[in-house]
Asks: 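Before I ask anything, here is the structure I am working with.
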Amino acid sequence: MKADIRVALAGNPNTGKSTLFNVLTGLNQKIGNFPGVTVDKKTGYCALPDGRTAEIIDLPGTYSLYPKSQDESIVFSVLADPSNQHKPDLVVVILDASNLKRNLLLYTQVADLKIPVIIALNMIDLADKSGIKIDIDLFAKRLGVPVVPISARSIKGIDKLKTAISYANKIALQEESIDVEAIAPHLIAQIQEDLKIDNPYFALQLAHQHETVKFLSPEENARIEMLEEQYTFNSQKAQGAETIARYAFINELLYDTVKKPETAQDESLSNKIDKVLTHKVFGFIIFFAILMFMFQAIFSWSSYPMELIADLFVWVQDKLHQLLPAGPLTSLLVDGVIAGLSGVMVFIPQIAILFAFISILEDTGYMSRVTFMMDKLMRKVGLNGKSVVPLIGGFACAVPSIMSTRTIENWKDRMITIMVTPLVTCSARLPIYTLLIALVVPNRNVWWLFNLQGLALTGMYVFSLISAVVVAFVFKLILKGRERGYFIMELPVYRMPRWNNVIYSMYERAKTFVFQAGKVIIAVSVILWVLASYAPGDRFERIDKKYQQPQYTKTLNADELNRAIASEKLESSYAGVLGHVIEPVIRPLGFDWKIGIALITSFAAREVFVGTMATIYSVNGSAEKMESVQKKMHDAKNPETGQPVFTLAVAFSLMMFYAFAMQCASTVAVVYRETKNWHWPAIQFAYMAVLAYAASFVAYNILK
């Protein structure tokens, strides 16, 4: 889509920038990377009142133009680099109306770059509720820019903001906040002259950041370095002088334009809540109680819709077998593709409920409190509070969580976080755990309140966090780094969750899970069906002849005969041969050759395990008697002992294996992308494989 104007959204974290981006662009957005760096770039399109189209770029949140992470460095690069393809025509700076003093520092820096600016005064409703009175006309006059009061959460003032964007000036008219040239007059003047720059603040920023920005030539870089030495420029002192000058301007501005009550109600209420929720003892108890409630809900609330989906797939498979002519194509469609997909689709309710809870915790501001509480614990194992964000995010998916480690400045902390994040139980493991727990853990309550299956699932999630912490401590002793990690985080005011955002998050995440897993499942199911439906040489013909003999036809009924033939054919197929090859290695873990096939296929993605079991047991089953995969696995018997295949020991051995094994190609790829070196994903894959085998072996031998 071609845009008539490019608009960048800039602001501090927790100012509602991403909410405003979603409101302006709706579903018309995409996520990629800024050229040359692995930093998320969210862009979207917005129709303006004058008929034009605006391209909206959501810049990473930052407190100032002096970056402390790779994400934050992008902001200056996009705004200041004249050759950057994403350089905006206009910047909308989002300010939190209830916290203007902190937010205005970034605004004054952006304004001094002399790009046309509009201020979106967000959360104006919360400011009013807190008794904060802002003279918006005087505020706008003093700054020399349009100021639009909005509430992105309740979609108020958005039309006025779009109108302001439509009629924004093409040249920067904002008032100067400080005398930039007074900070380093001779150096700024010389850089302007040598590099042909007409903006003194851009010249000052180059003096600070010339070593990290990528748009300067080696000659320009060397020239700035030489000028810094010539004029004895001290970057830290200059930043300090600039910050003091800016806050002097901000204090004067706010004194004239903002009237505040003695205490802000919302903030004091948040502080009162925090005394309980972030308490050093009760805080952790409440957090684990919330986790337990989440996993109880995942089992209890999802049971009915899951039964409906399972019954629907059984009915579809049954009808297709009746309607379509018997043959390889029908078997491929019904026993391969549809059976494999059913194994994933049945878990949509559980995935949706998990993401609903995560969205609510983030939206209310509670997730930030969890990060704050865990900081002290994280430091003891070689991490810092910022590591908690990827670890908690790992409950959803390790891929975006590993990408979010870019905000961790300390190299050692970041590497340890990357190495342990895949240990946290992600949504791809959820179908495996719930399937296996439902097979071996009774569906009954203990102490009238807790469901046993929910407790088992909670245990797996808590176990994954403990494992990540223990492994992090080991890496702390192995990896060497001299930098000191630090943790700075602002705790947002508690707010009610935006229910439309929660519902949208449920829909989007469930859709992403189904489509991403679905593509892999279909491919694997087709390959697996071929491997399970054909055999080397004339093995299938020999099996058919064997079961035509009187000792079988007279002693077995039609159902038993078909089941015996199907079972022996599966064992003699290419899939069976492959399973038998690895069976000696996995036998000490309690796994048979069928589970071995699932372990191999799920190296692409963990959730493929369920689809593989569905395909294997559909190929192995009777076409006339379609059953859900859970029932087939429950009824599966060991041919040698006659005992169930999936005992308590085998189920927990499998869960231990999947708790540790790195069976996700996407995670391997993103670790390489973030570390730029194959030896890190190789080390990660190897240590997780060793842990998976050892944990599985111990679990099986204790429980059997």
Side-chain angles (χ1 to χ4, degrees), residues 6-11 34-37 57 59-60 62-68 72-93 104-119 143-145 168-231 233-246 249:
R6 183 178 290 119
V7 181
L9 303 183
F34 286 100
V37 287
I57 301 174
L59 295 174
T62 181
Y63 290 104
S64 101
L65 287 183
Y66 296 111
K68 291 183 173 62
E72 292 180 358
S73 67
I74 284 296
V75 178
F76 176 70
S77 177
V78 170
L79 296 181
D81 178 7
S83 62
N84 193 305
Q85 66 186 64
H86 299 291
K87 187 173 171 65
D89 305 303
L90 173 71
V91 180
V92 175
V93 179
L104 278 165
L105 176 66
L106 177 66
Y107 161 76
T108 59
Q109 292 177 324
V110 172
D112 283 347
L113 287 174
K114 297 303 178 188
I115 306 166
V117 177
I118 289 174
I119 288 177
L143 294 176
V145 298
N169 290 309
K170 292 187 178 178
I171 56 171
L173 299 176
Q174 55 262 31
E175 298 290 337
E176 289 186 358
S177 55
I178 63 169
D179 182 3
V180 172
E181 293 177 28
I183 295 171
H186 302 297
L187 175 66
I188 291 172
Q190 198 63 53
I191 290 175
Q192 282 188 266
E193 183 182 332
D194 289 2
L195 272 65
K196 306 294 186 287
I197 294 170
D198 58 3
N199 184 323
Y201 189 56
F202 182 32
L204 177 62
Q205 281 287 349
L206 289 183
H208 288 297
Q209 301 195 48
H210 67 94
E211 293 173 337
T212 55
V213 296
K214 296 181 179 179
F215 53 81
L216 292 176
S217 68
E219 294 77 19
E220 290 171 331
N221 213 326
R223 178 61 182 158
I224 293 173
E225 190 72 45
M226 190 189 79
L227 290 173
E228 283 187 351
E229 290 180 15
Q230 181 180 336
Y231 294 109
F233 177 71
N234 185 304
S235 180
Q236 284 188 325
K237 285 184 179 178
Q239 281 186 43
E242 179 192 334
T243 303
I244 290 168
R246 290 194 184 282
F249 168 80

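Just so we're clear, the structure is a prediction, and the values are computed from it rather than from any experiment.
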Asks: Okay, side chain of Asn221, backbone of His210: is any donor-acceptor separation there less than 3.5 Å?
Replies: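 Checked: pair present.
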Asks: Answer with yes or no after comparing the ring centroid distance for His186 and Phe233 against a 6.0 Å cut-off, counting only values under it.
Replies: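 Not under 6.0 Å, so no.
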Asks: Dump the intermediate steps for side chain to side chain contact (heavy atoms under 4.5 Å, CB included) on Phe76 and Gln109, then the final yes or no.
Replies: CA-CA 10 Å; Phe76 176 70; Gln109 292 177 324; over 6 Å; no
Asks: Could you pull out the closest heavy-atom pair between His208 and Ala238, with the gap in Å?
Replies: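 What the structure gives for the nearest pair is CE1-CB, 3.6 Å.
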Asks: For the CD atom on Glu225, are there more than 12 heavy atoms of other groups (residues, nucleotides or ligands in this structure) within a distance under 6.0 Å?
Replies: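 More than 12 heavy atoms, drawn from other residues, nucleotides or ligands, come within 6.0 Å of this atom.
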Asks: Indicate yes or no: at least one non-hydrogen side-chain atom of Pro60 is less than 4.5 angstrom from one of Val75.
Replies: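 Result yes, sub-4.5 Å side-chain heavy-atom pair found.
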Asks: Is Gln174 reaching over with its side chain to a backbone N or O of Ile115, donor-acceptor style, under 3.5 angstrom?
Replies: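 Looks like yes, one N/O pair under 3.5 Å.
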Asks: Does any N or O in the side chain of Asp194 come within less than 3.5 Å of the main-chain N or O of Ile224, such that one atom is a donor and the other an acceptor?
Replies: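 Checked: no pair found.
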Asks: At their closest point, which heavy atom of Leu105 faces which heavy atom of Ser64, and how far apart are they?
Replies: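 Heavy atoms only, the tightest pair is CD2-CB, 4.3 Å.
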Asks: Quick one: pull up CG in Leu187 and CD in Gln192 and give me the separation to the nearest 0.5 Å.
Replies: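 Here the interatomic distance stands at 10.0 Å.
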Asks: Is there a side-chain contact between Ile188 and Tyr231 in this structure, where contact means two heavy atoms from C-beta onward sitting under 4.5 Å apart?
Replies: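 Result no, sub-4.5 Å side-chain heavy-atom pair not found.
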Asks: Could you tell me which non-hydrogen atom of Pro88 sits nearest to which non-hydrogen atom of Leu79, and how far apart they are?
Replies: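 Nearest heavy atoms, Pro88 then Leu79: CG-CD2, 3.8 Å.
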Asks: With rounding to the nearest 0.5 Å, note down the distance linking CG in Asp112 to CD in Gln205.
Replies: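 That separation rounds to 10.0 Å.
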Asks: Rounded to the nearest 0.5 Å, what separates atom CD in Glu228 from atom CE in Met226?
Replies: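 CE of Met226 is found 11.5 Å from CD of Glu228.
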Asks: Tell me, please, whether Tyr201 has Arg246 positioned over its six-membered ring: NZ or CZ under 6.0 Å from the ring centre and within 45 degrees of its axis?
Replies: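 Checked: cation-pi criterion met.
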Asks: Would you compute the distance between atom CD of Glu220 and atom CG of Leu206 and round it to the nearest 0.5 angstrom?
Replies: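 Between Glu220 CD and Leu206 CG, I get 8.5 Å after rounding to 0.5 Å.
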Asks: Which heavy atom of Ile191 sits nearest to which heavy atom of Ala207, and what is that distance?
Replies: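 Heavy-atom minimum between the residues: CD1-CB, 3.9 Å.
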Asks: Around atom CG of Asp198, are there more than 12 heavy atoms of other residues, nucleotides or ligands at under 6.0 Å?
Replies: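 Incorrect, the count does not exceed 12.
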Asks: Given side chain to side chain contact (heavy atoms under 4.5 Å, CB included), test Ile74 with Thr62 step by step and report yes or no.
Replies: CA-CA 10 Å; Ile74 284 296; Thr62 181; over 6 Å; no
Asks: Working to the nearest 0.5 Å, report the span between CD1 of Ile244 and CD of Gln239.
Replies: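 Separation between the atoms: 12.0 Å.
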Asks: Search all heavy atoms of Pro185 against all heavy atoms of Ala182 and return the closest pair with its distance.
Replies: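 Looking at all heavy atoms of both residues, the closest pair is CD-O, 3.7 Å.
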Asks: Quick one: are Val91 and Leu59 in side-chain contact, heavy atoms under 4.5 Å?
Replies: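 No; the side chains remain at least 4.5 Å from each other.
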Asks: Evaluate the side chain to side chain contact (heavy atoms under 4.5 Å, CB included) criterion for residues Leu106 and Leu65: first the C-alpha distance (whole Å), next the side-chain angles of each, then the deciding distance (0.1 Å), finally the verdict.
Replies: CA-CA 7 Å; Leu106 177 66; Leu65 287 183; 4.2 Å; yes
Asks: Nearest 0.5 Å, what's the CD-OG1 distance between Glu175 and Thr108?
Replies: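 Reported to 0.5 Å precision, the distance equals 14.0 Å.
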Asks: Assess whether side chain to side chain contact (heavy atoms under 4.5 Å, CB included) is satisfied between Leu143 and Val117, documenting all intermediate values.
Replies: CA-CA 10 Å; Leu143 294 176; Val117 177; over 6 Å; no
